[in-house]
Amino acid sequence: DAKTTQPPSMDCAEGRAANLPCNHSTISGNEYVYWYRQIHSQGPQYIIHGLKNNETNEMASLIITEDRKSSTLILPHATLRDTAVYYCIVRVQIQGGSEKLVFGKGMKLTVNP
Amino acid sequence: GAGVSQSPSNKVTEKGKDVELRCDPISGHTALYWYRQSLGQGLEFLIYFQGNSAPDKSGLPSDRFSAERTGGSVSTLTIQRTQQEDSAVYLCASSRRDRGYGYTFGSGTRLTVV
């Protein structure tokens, strides 16, 4: 019951920008978009999150469309170490105050030399 | 500590035995989550703790699974009468309760039931 859809895979050349798309057309007004990545055999690593404004940190930039139905994670200068499965996630608030991150299948980004 | 700590990192157990997996969240993080990830699959939500509130157990796959969180800090996930389909990586994450904060995951416990 993931609320996001991502392409299954993407390739990118080392040193180029990697633009990772995500659709979340049913997102609610108070739900944040989170991006995580998982490198083989490790726990997921937080990258960035946003609500409606574009965000930038030392790892990446997050561009959210004005209608909030889609977003793009941008890795400005991809390196071989950025090869990982990237998860776009909507933080779901459940009735009663509980909440959870619902992970979909993610998107495998392969950075090629 | 600086991160979420899980132990053991690897556990091999015989079918039918009980196992306990431990999670030490980041100090001050009031929210704690357990997920599991089977080989080649995405993450599956198991349980959520928030402060002193009753936990959200909606993701636990069967009554063989239980979890507790003592003193609002350390959490233990217990699997009774383990089955081969329980083999997976069990991941713990913690977060500040404030909305808009990321979750920090531990490195997981790889459970193998033989």
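Protein chains get the first letters and strands the later ones, always in sequence-line order, with residue 1 at the start of each.
The hydrophobic cluster containing B:L21 also contains B:L32, counting ILVMFWY residues as joined when their side-chain heavy atoms lie under 4.5 angstrom apart, directly or transitively. Note on A:M10: it clusters hydrophobically with A:L75, by side-chain heavy-atom contacts below 4.5 Å among ILVMFWY residues. Linking ILVMFWY residues whenever their side-chain heavy atoms come closer than 4.5 Å, directly or via other members, leaves B:V4 and B:L111 in distinct clusters. B:Y33 and B:F65 are not part of a single hydrophobic cluster, where members link through side-chain heavy atoms under 4.5 Å apart. Using a 4.5 Å cut-off between side-chain heavy atoms of Ile, Leu, Val, Met, Phe, Trp and Tyr, with links allowed through other members, B:V19 and B:I47 fall into the same hydrophobic cluster.
Within 6.0 Å of CZ in B:R110 there are 12 or fewer heavy atoms belonging to other residues, nucleotides or ligands. Atom CZ of B:R64 is surrounded by more than 12 heavy atoms from other residues, nucleotides or ligands within 6.0 Å. Heavy-atom neighbours of A:L80 CG from other residues, nucleotides or ligands within 6.0 Å: above the threshold of 12. More than 12 non-hydrogen atoms from other residues, nucleotides or ligands lie less than 6.0 angstrom from CG of A:D67.
If you measure heavy-atom distances from B:Q37 to chain A, the contacts under 4.5 Å come from the side chain alone. With a threshold of 4.5 angstrom between heavy atoms, B:Y35 approaches chain A through side-chain atoms but not through N, CA, C or O. If you measure heavy-atom distances from A:Q45 to chain B, you find no contacts under 4.5 Å at all. If you measure heavy-atom distances from B:L43 to chain A, the contacts under 4.5 Å come from both the backbone and the side chain.
No donor-acceptor distance shorter than 3.5 angstrom exists from the side chain of B:Y103 to the backbone of A:P44, with no hydrogens or angles considered.
Aromatic ring centres of B:F105 and A:Y46: separated by at least 6.0 Å.
Proximity to chain A among residues 78-87 of chain B is not found for any residue, judged by heavy-atom separations below 4.5 angstrom.
Between the CZ atom of A:F103 and the CG atom of B:L91 there is a distance of 8.5 Å, given to the nearest 0.5 Å.
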